[in-house]
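Reading through the C-alpha cells given below for one structure.
Quick note: residue numbers are just sequence positions, from 1.
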Amino acid sequence: RGGSKAQDVKILNFALTLEYLEAAFYEEALAKGRFTAPAARTFAQVVGAHEAAHVEALKQVLGSKAVKPPSFDFQGTTRKQSTFLRTAKVLEDTGVAAYQGQAPRIHQNAVLASAGAILAVEARHAAWVRDLLYAGKSVKPAPEAFSTPKSMSQILSAVEKTGFIKSR
C-alpha cells in the first residue's frame with residue numbers, strides 16, 4: 001500500500017464528512033419522518049445509532065484534525081417512508097463504494113482495519129434497506145457478486161449533486 005499518514009487524515013476526514021451526512025439524515029428522519037412500518041423505524045433507529053457511532057469513532061481517531069460537521073438540507077427526503085428508504089439506499093451504497101475506493105490508499109494498518117470494520121457494517125445497512133424496499137419482490141438484497149469501488153472525486157461529485165450539504 002502506498003500513501004502517507006497525511007493522506008490517511010484526508011481519507012478519514014472524507015469518511016467523517018460522509019458519516020456526518022448519514023448520521024444527520026437518520027437523525028432528521030427519526031425526528032420528522034412518518035413511518036408506516038415499524039421495520040422502517042427500527043432500521044432508522046439502528047442505522048442512525050451506527051452512523052453516530054462511526055462519527056464519534058472517526059472524530060476520536062482524528063482528534064484536533066477532524067473536520068467540523070457541515071450543515072445539511074435533506075429537501076424533504078426524510079419525511080415520507082418510501083422516499084426515506086430510497087434515499088437511505090443511495091446513501092448506504094455511496095458509503096460502501098467510498099470506503100471500498102479508499103481502502104487501497106490507506107497507509108496505516110490501524111486505519112485500514114477501522115475503515116474495513118465500518119465498510120462491513122455499511123454493506124449490511126445497504127442490504128437491509130434493500131430488503132425493506134423490495135420485500136416480496138424479486139430483487140435481491142445483495143444483487144451483485146462484486147461491489148464497485150468509487151474514487152473520492154466520484155463520491156464527492158455524487159454527494160454534491162444531491163444538494164444535501166449546504167455548508168462545509
Side-chain angles (χ1 to χ4, degrees), residues 1-31 43-75 77-78 83-130 142-144 146-168:
R1 284 191 321 266
S4 66
K5 288 183 179 184
Q7 181 171 292
D8 285 358
V9 169
K10 181 179 178 183
I11 291 168
L12 289 172
N13 272 313
F14 165 67
L16 178 57
T17 300
L18 294 176
E19 296 295 347
Y20 280 141
L21 173 72
E22 290 178 320
F25 173 75
Y26 290 106
E27 182 179 351
E28 182 177 296
L30 288 166
F43 170 79
Q45 290 168 332
V46 171
V47 175
H50 290 172
E51 304 303 358
H54 295 165
V55 165
E56 291 310 310
L58 290 168
K59 283 171 55 178
Q60 185 173 7
V61 169
L62 285 161
S64 65
K65 294 177 183 173
V67 294
K68 302 295 179 219
S71 61
F72 301 102
D73 178 357
F74 295 110
Q75 304 165 22
T77 59
T78 59
T83 308
F84 159 74
L85 290 172
R86 286 193 306 273
T87 306
K89 177 189 167 293
V90 171
L91 291 178
E92 295 302 334
D93 286 346
T94 299
V96 170
Y99 278 97
Q100 186 182 358
Q102 295 309 300
R105 300 180 64 231
I106 295 173
H107 175 70
Q108 300 166 86
N109 286 334
V111 173
L112 180 60
S114 296
I118 293 173
L119 168 60
V121 173
E122 296 291 343
R124 289 182 187 112
H125 295 166
W128 189 2
V129 74
R130 276 182 174 73
E144 305 295 330
F146 297 92
S147 177
T148 304
K150 292 194 176 167
S151 69
M152 192 179 290
S153 63
Q154 288 173 309
I155 295 294
L156 291 172
S157 175
V159 169
E160 188 176 299
K161 286 177 187 173
T162 66
F164 291 166
I165 297 178
K166 290 301 170 194
S167 72
R168 282 194 172 221

| query | If we ignore angles and hydrogens, is there a donor and acceptor under 3.5 Å between the side chains of Ser71 and Ser167? | reply | yes
| Heavy-atom side-chain proximity of Gln45 to Leu30 below 4.5 angstrom | yes
| task | Carefully, step by step, assess Leu18 and Tyr99 under the rule side-chain contact (heavy atoms from CB on, under 4.5 Å). | result | CA-CA 10 Å; Leu18 294 176; Tyr99 278 97; 5.7 Å; no
| Can you find a pair of side-chain heavy atoms, one from Glu160 and one from Ser157, that are under 4.5 Å apart? | no
| Residue pair Lys5 / His107, side-chain heavy-atom distance below 4.5 Å | yes
| message | If you define the side chain from C-beta out and look only at heavy atoms, does anything of His54 sit under 4.5 Å from Glu122? | response | yes
| Are any non-hydrogen side-chain atoms of Lys65 and Leu12 less than 4.5 angstrom apart? | no
| Counting heavy atoms not belonging to Lys10, are there more than 12 under 6.0 Å from its NZ? | no
| query | Taking atom CG of Leu21 and atom CD1 of Ile165, what is their separation to the nearest 0.5 Å? | reply | 5.5 Å
| task | Look at the aromatic rings of Phe43 and His125 and report parallel, tilted or perpendicular, splitting at 30° and 60°. | result | perpendicular
| query | With side chains defined as the heavy atoms from C-beta onward, is the minimum distance between Tyr26 and Thr78 less than 4.5 Å? | reply | no
| query | If you look at every heavy atom in Ser151 and Gln154, which pair is closest and at what distance? | reply | N-OE1, 2.7 Å
| How close do Glu92 and Glu22 get, heavy atom to heavy atom, and via which atoms? | OE1-OE2, 3.6 Å
| field | Note, Leu91 side chain near Val129 side chain (heavy atom, < 4.5 Å) | value | no
| query | Are Glu27 and Glu51 close enough, and set up right, to give a side-chain contact (heavy atoms from CB on, under 4.5 Å), and what steps lead you there? | reply | CA-CA 10 Å; Glu27 182 179 351; Glu51 304 303 358; over 6 Å; no
| query | Do the charged groups of Asp93 and Lys150 touch, with an N to O distance under 4.0 Å? | reply | no
| Is there a side-chain contact (heavy atoms from CB on, under 4.5 Å) between Ile11 and Met152 once you walk through the steps? | CA-CA 8 Å; Ile11 291 168; Met152 192 179 290; 4.1 Å; yes
| message | Distance check, rounded to the nearest 0.5 Å: Ser64 atom OG versus Lys59 atom NZ? | response | 13.0 Å
| If you look at every heavy atom in Leu16 and Val55, which pair is closest and at what distance? | CD1-O, 3.8 Å
| field | Separation of Glu28 CD from Asp73 CG (nearest 0.5 Å) | value | 7.5 Å
| Any donor and acceptor pair, going by atom type alone, linking the side chain of Thr162 with main-chain N or O of Ala158 inside 3.5 Å? | no
| Aromatic rings Phe74 and Phe164: how do their planes relate, parallel, tilted or perpendicular, breaks at 30° and 60°? | perpendicular
| field | Whether Gln100 side chain and Ser147 backbone form a donor-acceptor pair below 3.5 Å | value | yes
| query | Under 4.5 Å between any side-chain heavy atoms of Phe84 and Thr77, yes or no? | reply | no
| said: If I compare all heavy atoms of Arg105 with all of Asp8, which pair ends up nearest, and what's the gap? | reply: O-OD1, 4.1 Å
| request: Identify the heavy atoms of Thr94 and Ile155 that sit nearest to each other, and give their distance. | output: O-CD1, 3.6 Å
| message | To check you understand the geometry: which heavy-atom pair defines the closest contact between Leu58 and Glu19, and what is its length? | response | CD1-CG, 3.7 Å
| request: Taking the six-membered ring for Trp and the single ring otherwise, decide whether the centroids of Tyr20 and Phe72 are under 6.0 Å apart. | output: no
